[in-house]
A.B. asks: 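Questions regarding the structure given below will be posed in turn.
Read the numbers this way: they start at 1 and go in the same order the structure lists the ligands and their atoms.
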Amino acid sequence: MSQESRTRRHGVTALLLVAFVSIYAQERIDHDTYWKIRQEATTNSHILRTAHVLTDRYGPRPTGSPNLKAAGEWAVKQLESWGLQNGRMEPWDWGNPGWLNERLAAHIISPVKDHLVAEALAWTPGTNGPVRAAAVQITLPTRPTKEELAAHLDALRGAVRGKIVLVGPHQQVSVTFNDPPERREDREVLQILNAPPAAGRGVPPSTQKPVAPERQPLTNTQLSAQVYDFLIAAGARVRVNDAGRDHGQIRAFANNTYDPGRAIPTVVLRNEDYGRISRLLSDGENVELEFDIVNRLYPEGRTSYNAIAEIRGTTDEVVMLGGHLDSWHAATGATDNAIGCAVAMEAVRILKAIRVVPRRTIRLALWSGEEQGMRGSRAYVREHFGTFEEPKAAYRRLSAYMNIDYGTGRVRSMTVFGPAAAAAALGETLAPFKDLGVLGANSTRSRQAANSDHSAFSEAGLPGINALQDPIEYDSYTWHSNLDTYERIVQEDVIKSAIVLAATVYHLATRDEMLPRFSKGEMPKRPGRAQ
Ligand SMILES: [Zn+2]
């Protein structure tokens with residue numbers, strides 16, 4: 001049968017199936033394989049070993065860094081050793097150099113001697129040897145216009161020359177009396193599952209107060225650029241930001257131009273040290289600090305890579321799963337998202353170990369550039385699938401993409417971009433895992449960019465699936481922070497997640513039809529576009 005007639009036939013049967021499933025959803029679950037998956041996952045788990053290598057050996061893994069590339073290459077080799085095929089590093093154009101911090105020493109020299117706890121801000125330059133200088137603290141106006149900020153900074157020009165500059169007031173972080181819960185209550189998950197699907201059209205109305213048209217406050221990006229331009233021109237030596245979080249936790253992001261030439265050496269200092277220096281300065285003390293920062297740039301990182309490998313199916317249809325391998329740099333990126341990668345890798349390892357022969361190819365992707373706005377997965381979708389509006393040939397052959405990127409917590413439910421029939425099928429696929437805490441699936445109509453790589457697929461109109469997980473310490477401690485290390489992984493939870501992913505992807509790869517997707521008439525419009 002020719003490719004053409006084959007796809008046509010699929011189109012017709014898929015339509016009939018949607019009608020059928022939405023009324024009498026009845027997935028034929030292969031309980032024997034589900035049992036084998038549980039057996040292999042619990043008696044022979046490789047997850048911790050994988051997570052150890054991705055974090056301790058290759059972390060941190062910022063986009064464009066040699067660490068990330070080496071982690072991807074190791075993963076591909078590992079996947080091939082488990083029997084996966086077509087392992088490859090697929091390049092895409094990221095356009096910015098790679099960056100890594102190699103060394104950071106931070107000290108207060110006077111009026112008291114002590115070390116300080118800091119992280120470098122990514123894509124800023126190093127100090128080119130130790131820099132010892134007096135500290136000054138400046139504040140910035142709230143939502144200034146370009147001219148207001150210029151006037152404000154101009155008055156500070158003399159004060160910052162040759163100095164180490166603390167930018168902003170010390171943030172008062174109050175004591176947390178009630179830590180957020182590590183687990184989601186069943187009723188919270190059920191509430192999420194029973195809520196009406198997220199709307200697919202338009203952008204929610206802005207909650208910001210309307211601004212008089214003659215006043216044009218700077219965006220954060222513009223403000224940041226103008227402050228750096230000033231600090232460079234005024235001859236400031238080092239910039240210090242307040243981490244603004246408790247217990248020494250530091251979330252360090254990037255100079256958002258990704259160009260160290262447009263910044264000065266910058267650290268994010270733990271809130272407690274920032275407060276100490278602020279209080280000493282306001283006592284009128286002369287505070288002297290010293291920073292020694294070595295950052296390195298990698299021009300070859302302008303090309304970044306998604307790591308790909310497959311379990312070959314017997315048809316040309318595909319089911320994908322994955323998560324992002326890139327991380328922030330303040331720790332080794334364990335819960336964000338080495339562990340998601342390790343879980344997805346474990347899922348395909350399990351399927352290989354129990355020798356499944358899927359109808360559809362099961363393709364694993366470990367993305368890069370997620371932290372910069374899902375750039376790796378978006379590039380992949382563009383290259384391979386196109387969009388609903390401008391599809392490539394493979395567009396109709398992808399059944400679904402399943403994403404995992406919410407820390408170490410066990411999977412509790414899944415959300416699919418698609419019609420109710422897709423959620424019904426997925427819900428039945430997951431039903432045998434109630435004992436592991438999985439409570440079902442729901443659907444969304446949103447083609448908005450969301451917070452992880454599933455939305456690169458949903459944006460294009462493809463069935464992106466995202467896993468809801470227990471938070472454990474993700475939002476409170478580990479997300480993008482200097483505390484995101486291997487130690488924060490909960491083995492019991494990640495084994496459960498691997499079982500659920502392996503079984504779901506297996507079922508989607510073997511069920512008669514692809515997962516139901518929106519018909520032409522049902523497909524939500526892309527936000528912010530005319531068609
Ligand atoms: Zn992430």
A.B. asks: Ion pair present between Arg251 and Glu119, side-chain N to carboxylate O less than 4.0 angstrom?
C.D. replies: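 Salt bridge absent between Arg251 and Glu119.
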
A.B. asks: Mind checking whether His170 and Tyr274 have parallel, tilted or perpendicular rings, split at 30° and 60°?
C.D. replies: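 Taking Tyr274 first and then His170, their aromatic rings lie parallel (interplane angle under 30°).
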
A.B. asks: Taking the Zn ion (ligand 1) as the vertex, how big is the angle to OD1 in Asp336 and NE2 in His324, rounded to 10°?
C.D. replies: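 Roughly 90°, rounded to 10°.
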
A.B. asks: Tell me whether Lys77 is salt-bridged to Glu80, with the criterion being a basic N under 4.0 Å from an acidic carboxylate O.
C.D. replies: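 A salt bridge is absent here (no side-chain N lies under 4.0 Å from a carboxylate O).
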
A.B. asks: Enumerate the residue pairs fulfilling ring pair (Phe, Tyr, Trp, His ring centres under 6.0 Å) with a member in residues 409-441, sequence neighbours excluded, ordered by first and then second residue.
C.D. replies: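 For residues 409-441: Tyr34-Phe433, Phe417-Phe518.
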
A.B. asks: Short check: any N/O/S atom of Glu370 below 2.8 Å from the Zn ion (ligand 1)?
C.D. replies: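 It does not; every qualifying atom lies at 2.8 Å or beyond.
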
A.B. asks: Hey, which N, O or S atom on Asp405 ends up closest to the Zn ion (ligand 1)?
C.D. replies: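 The Zn ion (ligand 1) is closest to the Asp405 atom OD1, counting only N, O or S.
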
